[in-house]
Amino acid sequence: MADRVQFARMNGLGNKILVIDMRGRKDRVTPEAAIMLNADPATRFDQIMAIHDPKAAGTDAWIDIINSDGSMAQACGNGTRCVVQALAAETGKKAFLFHTVAGLLETREHDDGMISVDMGIPRFDWKDIPLAEEFHDTRRIELQIGPIDDPVLHSPSVASMGNPHAIFWVEDDVWSYELERFGPLLENHPIFPERANISIAHVRSRNEMDLRTWERGAGLTLACGSAACAAAVSGARTGRTDRTVTVNVPGGPLVIEWRESDDHVIMTGPAEWEWSGTLDPATGAFQRDETSGETGARAL
Ligand SMILES: N[C@H](CCC[C@H](N)C(=O)O)C(=O)O
């Protein structure tokens, strides 16, 4: 097949990401290709990050974010770190400004390999989440699941990081909840007209929490960067945590700082290259490159 592009299979704390290089092309990764790639265990993914030519002066690239069900997402913190690592390995640059449907994303790779993404200013107005009904206080909305007089999960905080998030606070272990059962029901609850990413959070201290997420359009994942940001700001808003928090997601820790000076949320964590190959963005047919099997930072 002649019409192939480079791609890399990467992960951000276990969040399965395909970074696809669409620069210099006018077409987009088709829903058919996404479905084919997700159907193959080798390329099964949580999000595709498709890098396109920049659309505005001063930006390094336009990025399309595609969930594994083929829907588009407005934010993907873990995937953004993967793109930074791949482009830093390609260009030697350390800082990039990306453009997505949700706006601009400022990013930086640090000397120790950790990557920070400025995830922007969170929004809390019910219309911005969006919610289907008016709620004045989005720190705690009326929503519950389970028996009416003894709900399993209830009263989440909601926030938008560009994409919609609901955070259910629990006193006990986040692993004691059947998120695979409740996640799909809550994701598609009529209160969320654009669906929502659903998380369970347990606060360990003012600077640490555990978090599991059922992702809109992708299901259970090992990590969700935007959910970690939504949980951190909701923790601070509800008085549970300080503005800098380590969020332990199943894949490992992310450090989230809700910056005092400008209310931007800065997420810092790792990214990991697994292997590279070429694929046809129309059909999803792919071929893996012969590699030495080493891991670490790599250009696409
Ligand atoms: N894994 C991503 C989030 C994907 C968001 C997506 N599931 C949606 O909002 O539809 C992250 O690291 O932020």
Side-chain angles (χ1 to χ4, degrees), residues 9-19 29 31 34 38 44-50 63-86 98 100-103 105-107 114-120 122-123 128-131 156 158-167 179-180 183-184 186-189 192-201 211-234 247-256 258 264-272:
R9 171 155 185 95
M10 302 186 68
N11 75 79
L13 285 179
N15 201 185
K16 297 195 283 294
I17 308 291
L18 298 180
V19 178
V29 177
N38 195 46
R44 182 155 298 153
F45 66 90
D46 299 320
Q47 274 80 40
I48 283 175
M49 305 294 287
I63 299 176
D64 271 349
I65 306 169
I66 307 169
N67 285 318
S68 53
D69 71 354
S71 65
M72 300 291 288
Q74 299 91 341
C76 179
N78 294 319
T80 304
R81 293 200 313 279
C82 292
V83 175
V84 172
Q85 192 189 72
F98 299 134
T100 69
V101 279
L105 282 175
E106 228 179 283
T107 66
M114 288 288 144
I115 295 159
S116 293
V117 179
D118 180 343
M119 301 284 285
R123 283 173 297 159
D128 291 330
I129 307 295
L131 300 177
V158 291
S160 169
M161 291 305 309
N163 56 350
H165 289 274
I167 314 294
L179 190 51
E180 62 287 1
L186 290 163
E187 173 192 358
N188 295 294
H189 192 284
F192 302 120
E194 292 177 17
R195 302 189 286 157
N197 295 286
I198 306 298
S199 297
I200 306 180
L211 188 77
R212 286 177 71 209
T213 303
W214 173 272
E215 281 193 27
R216 172 180 74 165
L220 280 185
T221 59
L222 288 178
C224 179
S226 50
C229 296
V233 299
S234 298
V247 180
N248 302 309
V249 300
L254 281 170
V255 176
I256 312 295
W258 190 11
H264 281 232
V265 181
I266 313 300
M267 175 202 61
T268 303
E272 191 182 19

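Start at 1 and go down the list; that is how both ligands and their atoms are numbered.
Numbered from 1 in the order shown, with element, the atoms of ligand 1 that lie under 4.0 Å from a heavy atom of Asn163 read 5 (C), 8 (C), 9 (O). Close contacts between ligand 1 and Ser226 involve ligand atoms 3 (C), 11 (C), 12 (O), 13 (O) [criterion: under 4.0 Å to a heavy atom]. Close approach to Ala75 involves these atoms of ligand 1, each under 4.0 Å from a residue heavy atom: 3 (C), 4 (C), 5 (C). Remark: ligand 1 atoms within the under-4.0 Å shell around heavy atoms of Ala73 are 6 (C), 8 (C), 10 (O).
Taking atom 6 (C) of ligand 1 as the reference point, the nearest protein heavy-atom neighbour is Asn67 OD1, 3.2 Å. For atom 12 (O) of ligand 1, the closest non-hydrogen atom of the protein is Gly225 N, 2.7 Å. Summary of contacts: the protein heavy atom closest to atom 7 (N) of ligand 1 is Arg216 O, 2.8 Å. Nearest protein heavy-atom contact of atom 2 (C) of ligand 1 is Cys76 SG, 3.2 Å.
Between the side chains of His165 and Ser199, no donor-acceptor pair is found at a separation under 3.5 Å. In the model, Asp128 has no side-chain atom that pairs as donor or acceptor with a side-chain atom of Ser160 under 3.5 Å. For the residue pair Gln74 and Asn163, no side-chain donor N or O sits within less than 3.5 Å of a side-chain acceptor on the partner.
Within the 3.5 Å criterion, the main-chain N or O of Ser71 finds a donor-acceptor partner in the side chain of Asp69. Side chain of Arg216 to main chain of Asn67: no donor-acceptor pair is present (N/O by atom type, distance under 3.5 Å, no hydrogens or angles). Proximity of a side-chain donor or acceptor of Arg195 to a complementary backbone N or O of Asn188 within less than 3.5 Å is not detected.
Rounding to the nearest 0.5 Å gives a distance of 10.5 Å between CD1 of Ile115 and CG of Asn78. The distance from atom CD of Glu272 to atom CG of Asn11, rounded to the nearest 0.5 Å, is 4.5 Å.
Looking at heavy atoms from C-beta onward, Met72 lies in side-chain contact with Asp64 at the 4.5 angstrom threshold. Using a 4.5 Å cut-off on side-chain heavy atoms (C-beta onward), Leu105 and Val117 make contact.
At a 4.0 Å heavy-atom cut-off, ligand 1 touches Asn78 through backbone and side chain alike. With a 4.0 Å cut-off on non-hydrogen atoms, Ala218 does not touch ligand 1 at all. Under 4.0 angstrom from ligand 1, the non-hydrogen atoms of Asn197 all belong to its side chain. When heavy-atom distances to ligand 1 are checked against a 4.0 Å cut-off, Ala227 has no atom that comes that close, whether in backbone or side chain. Neither the backbone nor the side chain of Met161 has any atom closer than 4.0 Å to an atom of ligand 1 (non-hydrogen atoms only).
The shortest separation from a heavy atom of Gly79 to ligand 1 is not under 4.0 Å, leaving the residue out of contact. Ligand 1 lies within reach of Asn15, whose nearest heavy atom is under 4.0 Å from it. At least one heavy atom of Cys224 sits closer than 4.0 Å to an atom of ligand 1.
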Intermediate values then yes/no, side-chain contact (heavy atoms from CB on, under 4.5 Å), Asn197 and Met161 = CA-CA 11 Å; Asn197 295 286; Met161 291 305 309; over 6 Å; no
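At least one N/O-N/O distance between Gly77 and ligand 1 falls below 3.5 Å.
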